[in-house]
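Every heavy atom of this structure was used, including side-chain atoms; hydrogens, water molecules and symmetry mates were not.
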Amino acid sequence: MLYNKNKIALVDCNSFYVSCERLFNPSIAKKPVVVLSSNDGCVISRSTEAKILGIKMGEPYFKVKKIVKENNVKTFSTNFALYGDMSRRVMETLKQFSPQMEIYSIDEAFLDLSSIKDEDLLEHSYKIRKTILKWTGIPTSIGIAKTKTLSKAANFIAKKEKSGVIDLINSKQIDKLLSRIEINNVWGVGRQLTKFYIKNGINTAYDLKKMHNGWIKKNTNVLGSRTAMELKGIPCVSLEPHQDKRESCSVSRSFGRKVTKLEELSEALTTHCLNAAEKIRLDKQTVKKITVFIRTSPFQNNRNYYANSKSIELPIRTNDSIILVKKTLNILESIYQKGHQYQKTGIVFSDLKDVDVYNTNLFSKINNEEKRTKLMKAIDYTNIKYGRHALSIAQAGVKKIWNVKKKHSSKIDTACFQFLPTVRTT
DNA sequence: TCTGGGGTCCTAGGACCC
DNA sequence: TCTGGGGTCCTAGGACCC
């Protein structure tokens with residue numbers, strides 16, 4: 001069912017990962033802070049102070065190391081268990097403000113505010129911000145408009161405003177605000193479209209809004225024209241309050257150092273496969289198609305770049321770790337080539353379905369299926385209770401010398417009392 | 001020396017059919 | 001010798017998002 005509400009708020013957490021780290025470390029408030037991606041590779045979250053220093057989103061860490069040192073920027077390795085947990089708390093709080101809400105990413109959600117009177121929208125939004133901050137400690141920004149794309153735009157401006165809220169529904173200055181947004185910052189306009197638009201003199205959100213539909217349709221695709229329509233205030237992307245299960249599930253990691261041997265690749269890939277299998281079991285899903293990929297670093301121009309991937313369809317869908325690992329390693333062997341310095345490997349499970357969906361073929365006779373299901377349940381239970389990979393299988397290895405680097409971890413675990421912040425009352 | 005990871009959606013083009 | 005055209009379905013890869 002398509003239903004478009006005409007008052008949509010986008011609530012977005014400010015510098016989310018940095019804000020999470022700050023919760024447990026008040027001494028870094030108002031100081032420059034960055035959070036690094038896996039392997040401490042890139043900057044993926046920056047405090048306002050770090051942005052001012054010129055540290056860009058997605059920049060490789062080694063390129064900003066100098067700025068970091070000179071300005072005493074605090075750095076953190078990712079702690080997704082913490083961010084995921086904080087995200088759940090923020091979303092739980094947000095839910096109270098609208099029955100219809102779409103969680104869009106780990107740090108943002110669209111809210112249907114159609115039931116709020118126009119004149120109360122601002123007040124309502126201030127209340128949302130205040131409550132989230134009070135209950136979770138996370139600062140947010142809110143943009144309200146008639147379409148999702150416009151509420152994204154409003155949010156973009158709101159991030160720069162002290163009030164933290166921009167309401168485009170009551171605004172007579174929409175065009176003025178839109179002309180402050182560079183075209184690459186429009187939701188749905190990525191690198192390729194940006195190139196194309198700038199070549200054609202479209203430099204801001206407002207420029208795109210002014211373009212004729214015919215031209216956009218002819219020169220881009222349905223997504224391009226959808227974005228342009230939404231900027232004009234015509235809803236094309238509806239709010240999706242009911243979130244379906246995932247359609248694919250992937251686990252991949254870069255190595256902490258280069259890897260050449262098949263055995264090491266096998267260990268890493270087995271670990272990824274076990275993680276992915278556990279994820280789909282938790283979601284009560286089975287997989288039909290497995291893709292494995294390996295590659296060397298694309299950034300080292302002097303070496304031969306090698307990247308390869310291969311997919312197979314399973315005869316019977318499953319979520320059994322033992323079967324999946326076996327198949328996965330077979331694929332790996334078929335694409336592995338000696339003599340390369342591998343930088344990354346990963347696995348993708350696709351064509352996922354609910355466990356109760358048709359699970360056998362005409363010729364299958366799985367007599368120990370029940371036993372296996374019980375074994376998987378036991379493994380998952382043990383790993384949840386005693387920590388990740390308390391129980392694993394031998395191919396995953398024990399030493400894991402290929403494992404990722406994590407020099408700056410805050411090691412905060414929200415499920416652990418030791419890390420609860422202390423509050424003193426006088 | 002050092003460049004993330006996990007998703008979704010769309011489309012062009014091939015295979016196949018009549 | 002001359003060798004259609006239109007429809008559907010599927011998939012790999014690209015573009016985009018955070």
Visitor: Would you classify A:V222 as touching base, sugar-phosphate or nothing, given that sugar-phosphate means primed atoms plus P, OP1 and OP2, and contacts are heavy atoms under 4.0 Å?
Guide: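 Touches sugar-phosphate only.
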Visitor: Quick one: A:N39 CG to B:dC2 C1', roughly how many Å, whole number?
Guide: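 About 9 Å, once rounded to whole Å.
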Visitor: Is A:K245 near enough to B:dT8 that one of its side-chain N or O atoms lies under 4.0 angstrom from OP1 or OP2?
Guide: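 For B:dT8, neither OP1 nor OP2 has a side-chain N or O of A:K245 closer than 4.0 Å.
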Visitor: I'd like the C1' distance from C:dG4 over to B:dC16, given in whole Å.
Guide: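 Looking at atom C1' only, B:dC16 and C:dG4 are 15 Å apart.
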Visitor: Is A:Q300 near enough to B:dT1 that one of its side-chain N or O atoms lies under 4.0 angstrom from OP1 or OP2?
Guide: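 Answer is no, no contact under 4.0 Å.
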Visitor: Please determine if a side-chain N or O atom of A:K258 lies less than 4.0 Å away from the OP1 or OP2 oxygen of B:dC2.
Guide: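 For B:dC2, OP1 or OP2 has a side-chain N or O of A:K258 closer than 4.0 Å.
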Visitor: Please state whether the phosphate of B:dC2, meaning OP1 or OP2, lies under 4.0 angstrom from any side-chain nitrogen or oxygen of A:R257.
Guide: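 Indeed not, no polar side-chain atom of A:R257 lies that close.
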Visitor: Does anything in residues 192-213 of chain A reach DNA chain C, meaning a heavy atom under 4.0 Å, and if so which residues?
Guide: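 Those residues are A:Q192, A:L193.
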Visitor: Return the orientation label for the A:H340 and A:Y306 ring planes: parallel under 30°, perpendicular over 60°, tilted otherwise.
Guide: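 Answer is parallel, since the angle falls under 30°.
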Visitor: Which label fits A:Y17 and A:Y83: parallel for a plane angle under 30°, tilted from 30 to 60°, or perpendicular past 60°?
Guide: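 Parallel: the ring planes of A:Y17 and A:Y83 meet at under 30°.
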Visitor: Reading DNA chain C 5' to 3', how would its secondary structure be written in dot-bracket notation, given Watson-Crick and G-U pairs with both distances under 3.5 Å, brackets [ ] for crossing pairs and | for partners on other strands?
Guide: ....||||||||||||||
Visitor: Let me know which of A:K289, A:R246, A:R317, A:K288 forms a salt bridge (Lys or Arg N to Asp or Glu O under 4.0 Å) with A:D351.
Guide: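 For A:D351, the salt bridge (Lys or Arg N to Asp or Glu O under 4.0 Å) check succeeds only for A:R317.
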Visitor: Is A:K289 near enough to C:dA12 that one of its side-chain N or O atoms lies under 4.0 angstrom from OP1 or OP2?
Guide: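 A:K289 to C:dA12 OP1/OP2: side-chain N or O found under 4.0 Å.
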Visitor: Just the rounded figure in Å: distance from P of B:dG4 to CD1 of A:I106.
Guide: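 Distance, rounded to whole Å: 19 Å.
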Visitor: For a quick check of understanding: with a heavy-atom distance under 4.0 Å over all strands, which category does A:E59 fall into, base, sugar-phosphate or nothing?
Guide: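 Since no nucleic acid heavy atom lies under 4.0 Å of A:E59, the category is nothing.
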Visitor: Do any side-chain nitrogens or oxygens of A:S254 fall under 4.0 Å of OP1 or OP2 in B:dG5?
Guide: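 Yes, within the criterion.
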Visitor: Less than 4.0 angstrom between a side-chain N/O of A:S252 and OP1 or OP2 of B:dG4, yes or no?
Guide: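 The answer is no; no side-chain N or O of A:S252 sits under 4.0 Å from OP1 or OP2.
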Visitor: Round to the nearest Å and state the distance from A:F299 atom CZ to B:dT1 atom P.
Guide: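 After rounding, the reported distance stands at 15 Å.
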Visitor: Compare side-chain N and O positions of A:S38 against OP1 and OP2 of B:dG5 and report whether any pair is under 4.0 Å apart.
Guide: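 Yes, because at least one side-chain N or O of A:S38 sits under 4.0 Å from OP1 or OP2 of B:dG5.
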Visitor: C:dA12, OP1 or OP2 - any side-chain N/O from A:S311 closer than 4.0 Å?
Guide: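 For A:S311, the contact criterion (side-chain N or O under 4.0 Å from OP1 or OP2 of C:dA12) is not met.
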Visitor: With ring centroids as reference points, do A:F97 and A:W135 lie under 6.0 angstrom apart?
Guide: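 Centroid separation for A:F97 and A:W135: 6.0 Å or greater.
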Visitor: Distance check: side-chain N/O of A:Q343 vs OP1/OP2 of B:dG4, anything under 4.0 Å?
Guide: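 Result: yes.
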Visitor: Classify the nucleic acid contact of A:V43 as base, sugar-phosphate or nothing, counting any heavy atom under 4.0 Å across all strands shown.
Guide: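 If one applies the 4.0 Å heavy-atom cut-off, A:V43 turns out to touch nothing in the nucleic acid.
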Visitor: Tell me which nucleotide among B:dT3, B:dT8, B:dG5 gets nearest to the side chain of A:K344.
Guide: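 Between B:dT3, B:dT8, B:dG5, the one nearest the side chain of A:K344 would be B:dG5.
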Visitor: Is any side-chain N or O of A:S248 closer than 4.0 Å to OP1 or OP2 of B:dT8?
Guide: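 Yes, such a contact exists.
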Visitor: Does the side chain of A:K152 get closer than 4.0 angstrom to OP1 or OP2 of C:dC17 through an N or O atom?
Guide: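 No.
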